Structures are given as structure tokens and as C-alpha cells.
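Each ligand, and each atom within it, is numbered from 1 in the order the structure gives. The structure presented is a predicted model; accordingly, all values stated were derived computationally and were not measured.
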Amino acid sequence: MSADPYRIGLLGHGTVGSAFDELLEERSDEIERFNGRRPVISGVLTRSRGEFEEVLAGADLLVELMGGIEPAREYLLRALRAGKDVVTANKQLLSQHGEELFETARVHDVRLRFEAAVAGAVPVVRVLEESLSATPIERIHGIVNGTTNFILTRMARGATYEEALAEAQRVGYAEADPSDDVSGRDAAAKMAILARLAFGSPVHLDDVRYEGIEHLQAEDLEYARELGLGLKLIGTAERLRGGLSVRVYPTFLYGGHPLATISGSFNAVTVESEAITELTLSGPGAGGRQTASAVLGDVVSVMTGGARPPAPPLALELIEDVESAFYLHLDVADRPGVLASVTTVLGEHDVSIKSVVQHGMGERARLVMVTHQVLESRMRAAVAEVAQFDFVRSPPRAIRVIEEEFL
Ligand SMILES: NC(=O)c1ccc[n+]([C@@H]2O[C@H](COP(=O)([O-])OP(=O)(O)OC[C@H]3O[C@@H](n4cnc5c(N)ncnc54)[C@H](OP(=O)(O)O)[C@@H]3O)[C@@H](O)[C@H]2O)c1
């Protein structure tokens with residue numbers, strides 16, 4: 001006699017939900033062959049069909065692919081309290097209510113899996129939890145938003161921000177309202193989840209400092225190329241001075257950094273640790289079928305008992321003021337003494353210059369420099385003072401630079 005089917009209640013049947021349904025149909029024979037039980041969809045809930053209570057009662061596990069905070073939060077809490085395992089791709093929910101959900105899963109000794117919430121099909125959650133579970137992680141850098149990486153890739157090839165965004169919308173990478181992506185908020189939510197996973201400390205979306213790519217100019221990418229730099233929206237989570245810093249900024253990278261070559265809509269995550277030097281995972285960050293494959297991987301992992309309930313958190317202090325190198329772009333009057341005045345002010349704030357490119361353009365000049373490492377607060381103060389000079393013609397632009405290369 002064959003074993004009972006493994007019943008999956010599916011909340012949401014949109015882009016990812018319908019792809020999950022299709023993928024499960026294609027893969028269920030194989031999954032049954034390896035695991036002894038056949039996964040089946042026992043109920044579906046959308047806005048127009050299904051009743052949550054019925055879907056919950058008829059399922060061994062719930063897959064949540066609705067998105068948003070409510071009613072997803074309420075449904076997942078009810079499922080966990082009813083002793084059901086849960087798989088979700090919902091980064092908004094986990095980055096804002098993760099502790100409540102993880103705690104509920106722990107109390108009820110059930111699994112809460114979320115591979116697809118971080119970097120689409122890139123299996124970074126599993127690698128951090130399993131392969132690297134004995135490795136003390138020092139730092140994670142991630143390109144975790146495919147839309148902005150696509151836009152920056154186009155800008156590096158000469159498009160303006162507006163042209164690149166329009167193309168991202170045309171090919172379906174960017175939503176009609178792209179604000180969560182281009183503001184850096186989507187990446188910040190994913191970095192909050194990744195930081196919690198890597199460092200075991202509760203990190204809320206509100207703890208993550210972020211800036212988007214809306215104010216970048218194609219010109220910055222051109223000058224940076226002369227300095228050997230490429231621009232990415234980089235999320236960072238790192239141990240620092242006994243605490244933890246989590247942030248997302250447009251950031252320049254030198255060519256030898258593993259994230260420098262990640263182009264188009266791909267995502268990638270670099271994990272750094274003394275024990276392993278660095279390890280990079282990359283792949284498609286979104287797309288219905290790609291995301292569905294990560295969701296199905298979580299389902300199979302729960303079916304086979306491989307995934308553990310979440311571990312209790314241990315809070316680390318959040319560090320706000322961190323060190324970074326900076327690219328600084330100044331639009332100045334072309335007259336003697338300008339460079340000297342700028343470097344004097346920078347020096348007074350402990351900002352030392354690594355390289356400078358100067359371009360004369362008639363009456364005006366562009367002064368583009370890269371600094372050595374400096375505390376962000378010092379750089380901010382220096383830039384505010386430089387902006388006061390009467391020869392500075394438009395607001396200075398300071399962009400962070402990651403100096404490490406792994407060659
Ligand atoms: N799309 C991607 O490439 C991608 C990648 C990674 C992660 N994700 C995450 O995956 C999740 C789903 O994304 P998606 O792109 O598949 O979204 P979607 O296409 O908008 O689909 C959402 C589905 O959820 C249903 N739904 C929404 N609110 C509901 C409610 N209050 N009650 C019942 N059903 C409700 C919708 O019902 P109707 O059909 O009735 O409207 C629809 O079937 C999100 O958390 C998203 O962040 C998506």
C-alpha cells in the first residue's frame with residue numbers, strides 16, 4: 001500500500017504560486033520516488049477562491065505566496081500554532097515580523113522555511129544554515145535586487161537612469177511602481193533576513209540603513225570607470241566592534257571583487273570568513289519558475305525532515321557609524337587653488353585621498369576622487385563643509401567604495 005500523499009495548502013496563485021503549482025505537477029513523481037510520499041496541492045486560496053480554514057485543515061504544510069503583511073501574517077501565525085510547517089517567499093513579512101513568526105514556530109516545534117525570500121533561486125539560506133553552520137561568518141555582501149542590478153548594468157553601458165528603468169519595466173523586471181526596488185527598501189528587507197540568519201541576531205527592516213539608486217548619474221559611472229570601478233547596489237551585513245551593521249548603498253567595486261561581474265537581473269551573495277576566505281553564490285534573483293524552484297526545494301526539505309526549527313536569537317548591538325572608502329564627485333569652478341582648498345578641508349576631517357581625476361570643461365571642472373577608509377560621520381562632515389565653498393557649483397556626490405578584491 002502506498003503512503004498517504006503529502007498535502008500542501010497553497011496561499012496565493014499568482015506569478016510564483018502558479019509556477020509552483022506547475023513545477024510540483026512536473027516533479028511529483030520524482031519526489032515520491034525519492035521520499036516515499038507524493039506531494040499534492042490539497043487546497044488553494046486566492047482573493048476569489050478558497051477558504052483559509054479549509055485550506056489549513058486539509059494541509060500538512062502551507063506554502064504562502066500571497067505577499068504583503070496582512071492577512072499573510074495572521075494566516076501564518078494560525079498555521080504555525082496549529083502545528084503546521086510553513087514555507088514562504090515573503091520578504092516584507094519576515095523582515096518586519098520575523099521574530100514573532102520564528103518564536104511561534106519554535107514554541108510549536110514546526111519548521112518555517114524561506115529560501116525564496118532572500119535571493120530568488122540562489123540557495124543562500126540553505127548554505128548559511130547547513131554548509132556554513134560551523135563557520136563563524138564575518139561579513140556578507142549581496143546583490144539581492146535584480147531590478148536595480150539590471151538598471152545599473154544598462155547605465156554602465158551608457159543608458160541614463162530613466163532609459164534603464166523604462167527598459168527594466170518593458171522586459172518585466174521592474175513593476176509599474178518600482179519604488180521598493182529603486183529606493184533600496186526591497187534589498188534592505190532581504191539583508192535584514194540574511195543578517196539574522198548569518199549572525200543569529202534579530203534584525204528588523206527598520207534597523208537597516210539604506211539608500212537607493214534614483215539619484216545616480218551616468219556620469220558617475222563614466223568617471224568611476226577611469227578609476228577602475230563598477231557600480232552596484234550592495235547590501236552588507238557584518239560583525240563590527242562586537243556588534244552588527246546592516247546597510248544597503250550604491251557602492252563602487254574594483255574589478256577583482258566577485259560581485260563586480262554580476263550583471264543583468266542576477267543576484268549574488270558573497271560570504272566572508274577567516275576559515276573560508278570568501279564564497280560566492282549567484283543566479284536568477286526572481287522570476288516565477290526560478291522562485292518556485294526554491295520554494296519547492298524548501299517543501300522537499302521539510303518533507304524529508306532536513307530543516308530544523310529556527311534557533312532562538314541573541315541580540316547584538318547595532319553599529320551605525322562604519323568605515324568606508326568613498327568616491328567623491330565635485331562640480332567646481334576651474335580656477336587655481338580649488339584642489340588645495342578641498343584637500344585641506346578633507347584632511348581636517350581625517351579624510352585622505354587615494355586617487356584623483358580632474359577634467360577641465362571650460363569655466364567648470366570635475367574633480368573626482370577616491371578616499372581611503374574613513375568613518376562615515378567624518379566623511380559626511382567633510383562633504384558638508386566642502387559644499388559651502390563658493391567654487392562648488394552643484395551638490396557634491398559621495399558614493400561608497402568597497403576596496404577588497406579577491407584576486
Ligand atoms: N515574482 C517574483 O519573481 C518573486 C521573487 C521572489 C519572491 N517573490 C515573493 O513571492 C510572493 C508572491 O509574489 P507573486 O509575484 O507571485 O505575487 P502575485 O503575482 O501578485 O500573486 C499574489 C497571489 O496572492 C493572492 N492574494 C493576494 N492577497 C490575498 C489575500 N488577501 N487573500 C487571498 N489571496 C491573496 C492573489 O490572489 P488573486 O489571484 O485573487 O489576485 C494572487 O493569487 C511575494 O511575497 C513576493 O515578494 C516573488
Starting from the C-alpha separation in whole Å, work towards a yes-or-no answer on side chain to side chain donor-acceptor pair (under 3.5 Å) for Thr280 and Thr270. CA-CA 4 Å; Thr280 302; Thr270 296; 3.2 Å; yes
Criterion side chain to side chain donor-acceptor pair (under 3.5 Å) on Asp321 and Ser377, from CA distance to verdict: CA-CA 6 Å; Asp321 200 10; Ser377 55; 2.5 Å; yes
Could you go through the side chain to side chain donor-acceptor pair (under 3.5 Å) check for Asp21 and Ser18 one step at a time? CA-CA 5 Å; Asp21 194 348; Ser18 57; over 6 Å; no
Please test Glu211 against Arg400 for side-chain contact (heavy atoms from CB on, under 4.5 Å), starting from the C-alpha separation and ending with a verdict. CA-CA 11 Å; Glu211 274 172 25; Arg400 288 156 186 83; 3.9 Å; yes
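Residue Tyr75 places no N or O, backbone or side chain, under 3.5 Å from any N or O of ligand 1. Some N or O of His13 is nearer than 3.5 Å to an N or O of ligand 1, by distance alone.
Remark: atom 15 (O) of ligand 1 lies closer than 4.0 Å to at least one protein heavy atom. Distances from atom 20 (O) of ligand 1 to the protein include no heavy-atom value under 4.0 Å.
Nearest protein heavy-atom contact of atom 28 (N) of ligand 1 is Arg47 NH1, 3.4 Å. Looking only at protein heavy atoms, the nearest one to atom 39 (O) of ligand 1 is Thr46 CB, 4.0 Å. Given atom 6 (C) of ligand 1, the protein heavy atom at minimum distance is Thr291 CG2, 3.5 Å. Regarding atom 46 (C) of ligand 1, its nearest protein heavy-atom neighbour is Ala89 O, 4.2 Å. Ranking protein heavy atoms by distance to atom 12 (C) of ligand 1, first place goes to Leu65 O, 3.3 Å. Here the protein heavy atom with the shortest distance to atom 3 (O) of ligand 1 is Gly287 N, 2.9 Å. With respect to atom 45 (O) of ligand 1, the closest heavy atom belonging to the protein is Gly67 CA, 3.2 Å. Closest to atom 25 (C) of ligand 1, if we only count protein heavy atoms, is Gly12 CA, 3.9 Å.
The pair Glu99-Arg106 does not count as a salt bridge, with every side-chain nitrogen at least 4.0 angstrom from each carboxylate oxygen. Taking 4.0 Å as the cut-off between side-chain N and carboxylate O, Glu348 and Arg378 do not count as a salt-bridged pair.
When each atom of ligand 1 is checked for a heavy atom of Ala286 under 4.0 Å away, the hits are 3 (O). Near Pro71, the atoms of ligand 1 lying under 4.0 angstrom from a non-hydrogen atom of the residue are 31 (N).
Defined by atom type and a distance below 3.5 Å, a donor-acceptor pair is missing between the side-chain atoms of His257 and Glu278.
Contacts between Val16 and ligand 1 below 4.0 angstrom, taking non-hydrogen atoms only, involve backbone and side chain alike. Here Lys91 has side-chain heavy atoms under 4.0 Å from ligand 1, and that is the only part of it that gets that close. Residue-level proximity to ligand 1 for Ala116 is carried by the backbone, the only part with a heavy atom below 4.0 angstrom.
A centroid separation of 6.0 Å or more is found between the aromatic rings of Tyr254 and Phe406. No close placement of the His215 and Tyr161 rings is indicated, their centers lying 6.0 Å or farther apart. Remark: aromatic rings of His97 and His204 are distant, center separation not under 6.0 Å.
Residue Gly120 places no heavy atom under 4.0 Å from ligand 1.
Remark: the backbone N or O of Thr160 is paired with a side-chain donor or acceptor of Glu163 at under 3.5 angstrom.
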